Engineer: 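Quick one: the structure is below, and I'll ask about it shortly.
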Amino acid sequence: MSEERTIRISKALRELNISLDRARDFLKEKGIVIESNPNAKVSDSEYILLLNEFAGDRGNKEASIEISREKNKEKEALRLEREKELEEKKRQDDERQKQQEVIKAKAVVTGPKQVGTIDLDPKKPAAPAPAPAPVETPPAAPPVAEPVAPVAEPVAPVAAPAPVAAAPEEAKPAEGGDTIQTKYVQLSGTTFTGQKIDLSQFDRAKKKKEEPAGGDAGAKGKRKRIPSKPGGGFGPGQGAAGANARGGNNRPGQAKGNRPAVASKVEPTEEEVKNQIRETLEKLQGKGGKSKAAKYRRDKRESHRQKSEDEMRSIEEGSKTLKVTEFVTVGEVATMMDVPITKVIGACMSLGIMVTMNQRLDAETLTIVADEFGFDVEFITTDIEENIQVEEDRPEDLVNRAPIVTVMGHVDHGKTSLLDYIRKENVIAGESGGITQHIGAYGVTLDNGQKIAFLDTPGHEAFTAMRARGAQVTDIAIIVIAADDDIMPQTKEAISHAQAAGVPIIFAINKVDKPTANPEKIKERLAGMNLLVEDWGGKIQSHDISAKTGLGVKDLLEKVLLEAEILDLKANPNRVASGTVVEAFLDKGKGYVATILVQNGTLRVGDYMLAGKNHGKIRAMHDERGHVVKEAGPATPVSVLGLDGAPTAGDKFTVFEDEREAKQIAAKRTQLQREQSVRTQRHITLAEIGRRIALGQFKELNIILKGDVDGSVEALSDSFSKLSTDEIQINIIHKGVGAITESDVMLASASDAIIIGFNVRPAGNAKQLADKEEIDIRHYSIIYDAIDDLKDAMEGMLSPVMKEEVTGTAEIREIFKISKVGSIAGCMVTDGKIFRNSKIRIIREGVVVYTGELSTLKRFKDDVKEVSKGYDCGMQVKNYNNIEQYDIIEAFQEVAVKKKL
């Protein structure tokens, strides 16, 4: 036997830094074949081969990781160095700003200082200069020094006053009659030195309104600007006080009023700038200057918006989480993930699990499949299952128990016939059509006293889920294959279920007594499936049998007991019972009957049992032959009465001592199942409506399905759902176990559905109500008939396809043009028949030039309905006269052809 594969290939690929194709190619060179799937597994030896081959790639990956770490360290060092440089630059800027701070001081400007006189004595002849106009000098005001902040550079000294020309004094006659020279009086004044003082940096901010300081302007309420004369002085009667009252123009030599000094404007800090920006934004958004109530409403709106954003975020996160019960079907999983069912089935097949849309998945498979599509799974029944206390059995309490054997295989290969011979009863006579449509549970006691529990599963393809259930509760699987047939698809499926359940397989090659039997061919086909039997050097047991004559059946049972002895099957009979529901149905006289298989403990009449969402006290127990049973030990199949409903086949059952606890758990399960059905209900979307409108003739067929047992109802529902097409949708609006009731008829009337009963009949007044409401009720006992009839009904709902059928052709031999009538074609029918009501095509040199109808069809002078091959006739084409000689006229009719599914 090959080494067990325990390591996922994806883990090895991550460690070695290689691709899946590269690993597969290398292993293929070594003669090892693995699946092209990241979830495929490899053994330890195969992993070591990969490790030795691709060690260099692993080292490259580690080296790249180390290099990336070094680069990150270098980036961090550069970042720290940059931060230090920014801090040093900021410190230097602060020091520079402190050094440039303005120092406030006072400076006193002194008055004019006399530096010398100009000698005007006319010792030398001088050219006469024009005398300047006399200027009336106003009384000088005492100079007032204004405190001025000095600038950085030294202030230029005030220029010394320059002599100003003044009016000459009156000439007095000198003695002796000589001419008297004019004497000029030296006047003091300012001298312009060419240097200027920049006072713009000391300008104060202008106020909007100032009170007048005094003078003539102070007596008025409004200041009036008086322009100065060209000389630059003041007008008559305006002194320095008037200039101070007007504020002056800060010209050199002008004094200002006695106003206090204004400090220089300080630059705001960064925090103040941020606060100012925030206040401005609030004013722009209408938030500023509001009352406390407005602030409260604003905060409330903010909290509501934050809460809604958090809820939306949680909904988006929760949309990727599937809240499911442990046993949810493939179709329900596909609906919750909003992916096609075919993709989910394909994902299961890639894992080696053959499933259908109505088959339920276990927790592990469900988690893997959901992870393939990027979803997480949350099992909402975990807390309920934890409430059920499971007692651990002590080794000394365990005793040997009988093996549970499931018989599986293709339909009509002899499974039930084999059990008939073992039980020495004719079960086939009680099955409709000679095929098994229920799971049969039988207890058999052999001649040596050894007991075996047999499960007989249907072989029809619709009962995939039932076969899967049989493989889940079994210890050993017998696969029956007919020696005169081939390994059929259902046989392969049964083998897959047994392998997925991990149970030993025994092949029973049946019908070896037939002349056409070839057991070696079956073993060869099994070897091609990598299943080697012991006769071919393998480890799987097989035996050639004939269920009809009993050939080899005893040896087959010995091999079953040998496998059971190797498995060492044990159970504790001295504890409360637990096990699995095999089948459930509604009996008219007994009520709900459940066929169960006790797997541990002992079940007694009067115990309170919980099975799925149904519960009740056991009122009676019977074996498969209808005999009353008081108690049932491990590995014993029995039928029980007393449950309040039909549990789903495959549900686990447990016995409770406290009736209240069982009812609470059942109520929780019922609620969870209702929530599950709401979550998995597919609502019609806008895209679906658009698709139906595009199809135009979209139809729906609503079905209410009632059956005698749960397994058959599930199998029929699965088969009907597969019949849906793009044009016809099959909707199972209700399915259940039991007779057809009046409520079913009313539901069918409201939803325009048909009722299909499988091995059940209408109860009470349901038949009369159905006749009154004109509801169609169909009864079936064989699944083939139900599927075929539904196919026929769907084909009848399909709109027929219009197909053209050519009835004949004619050639134009002559053209007759008649006034007020048009062109008449003289034709010879060359093939088939030309009918008066046929549509025609005019073909010229192989090209269709016109399609239309005939206006008239005549032979000689008589109108005729048809003209056969070999006869000539006259035709006129309706609304078309452009016919030519030797044109071909092709007559055809549109025939409605029934669509097929």
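On a predicted model such as this, the values are computed, not experimentally measured, just so you know.
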Engineer: Salt bridge (charged side-chain N to carboxylate O under 4.0 Å, His left out) for E302 and R305? Distances and angles first, verdict last.
Structural biologist: CA-CA 5 Å; E302 291 285 342; R305 187 174 69 250; 2.3 Å; yes
Engineer: Would you please test R297 and R301 for side-chain contact (heavy atoms from CB on, under 4.5 Å) and show each step?
Structural biologist: CA-CA 6 Å; R297 288 194 299 270; R301 286 195 301 270; 4.0 Å; yes
Engineer: Take V533 and L526, measure what side-chain contact (heavy atoms from CB on, under 4.5 Å) needs, and give me the verdict at the end.
Structural biologist: CA-CA 8 Å; V533 299; L526 289 174; 4.2 Å; yes
Engineer: Evaluate L351 against V369 for side-chain contact (heavy atoms from CB on, under 4.5 Å), listing each step before the verdict.
Structural biologist: CA-CA 9 Å; L351 298 173; V369 170; 4.1 Å; yes
Engineer: Of all the heavy-atom pairs spanning D651 and G612, show the shortest one and how long it is.
Structural biologist: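 In this case the closest contact between D651 and G612 is OD2-CA, 3.9 Å.
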Engineer: Salt bridge between D93 and R96, side-chain N to carboxylate O under 4.0 Å?
Structural biologist: yes
Engineer: With a cut-off of 6.0 Å (strictly less than), are more than 12 heavy atoms of other residues, nucleotides or ligands near CE of M349?
Structural biologist: no
Engineer: What I'd like to find out is whether the side chain of S578 reaches to under 4.5 Å of the side chain of N600, using heavy atoms alone.
Structural biologist: yes
Engineer: With a 4.5 Å cut-off on side-chain heavy atoms, are I48 and N52 touching?
Structural biologist: yes
Engineer: Minimum heavy-atom separation for E563 to P504, with atom names?
Structural biologist: OE1-CB, 3.8 Å
Engineer: Run the side-chain contact (heavy atoms from CB on, under 4.5 Å) test on F26 and L50 for me, step by step, so that the C-alpha distance in whole Å, both residues' side-chain angles and the decisive distance to 0.1 Å come before the verdict.
Structural biologist: CA-CA 8 Å; F26 170 71; L50 292 172; 3.6 Å; yes
Engineer: Is any side-chain N of the basic residue among E83 and R79 closer than 4.0 Å to the acidic one's carboxylate O?
Structural biologist: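 Looking at E83 and R79, the cut-off is met.
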Engineer: Do L569 and I404 have side chains that get closer than 4.5 Å, going by heavy atoms?
Structural biologist: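 Not touching, per the 4.5 Å side-chain cut-off.
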Engineer: Could you go through residues 8-18 and list every donor-acceptor pair under 3.5 Å that involves a side-chain atom there, pairing it with any protein atom two or more places apart or in another chain?
Structural biologist:
unit_1: R8; atom_1: NH1; unit_2: N39; atom_2: O; d: 2.9
unit_1: S10; atom_1: OG; unit_2: P38; atom_2: O; d: 3.4
unit_1: E15; atom_1: OE1; unit_2: Y47; atom_2: OH; d: 2.3

Engineer: side-chain hydrogen bond (donor to acceptor under 3.5 Å, both in side chains) between Q599 and T580: does it pass, once the steps are laid out?
Structural biologist: CA-CA 7 Å; Q599 293 176 292; T580 307; 2.8 Å; yes
Engineer: Do T648 and V581 make a side-chain contact, defined as non-hydrogen atoms from C-beta onward lying under 4.5 Å apart?
Structural biologist: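 No, their side chains stay 4.5 Å or more apart.
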Engineer: So do L531 and I495 actually touch side chain to side chain, heavy atoms under 4.5 Å?
Structural biologist: yes
Engineer: Is any side-chain N of the basic residue among R401 and D475 closer than 4.0 Å to the acidic one's carboxylate O?
Structural biologist: yes
Engineer: Indicate yes or no: does K84 engage E87 in a salt bridge with an N to O separation below 4.0 Å.
Structural biologist: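 Salt bridge between K84 and E87, a charged N being under 4.0 Å from a carboxylate O: no.
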Engineer: If you measure from the Lys or Arg side-chain nitrogens to the Asp or Glu carboxylate oxygens, is any gap between R82 and E85 under 4.0 Å?
Structural biologist: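 Salt bridge flag = yes for E85 with R82.
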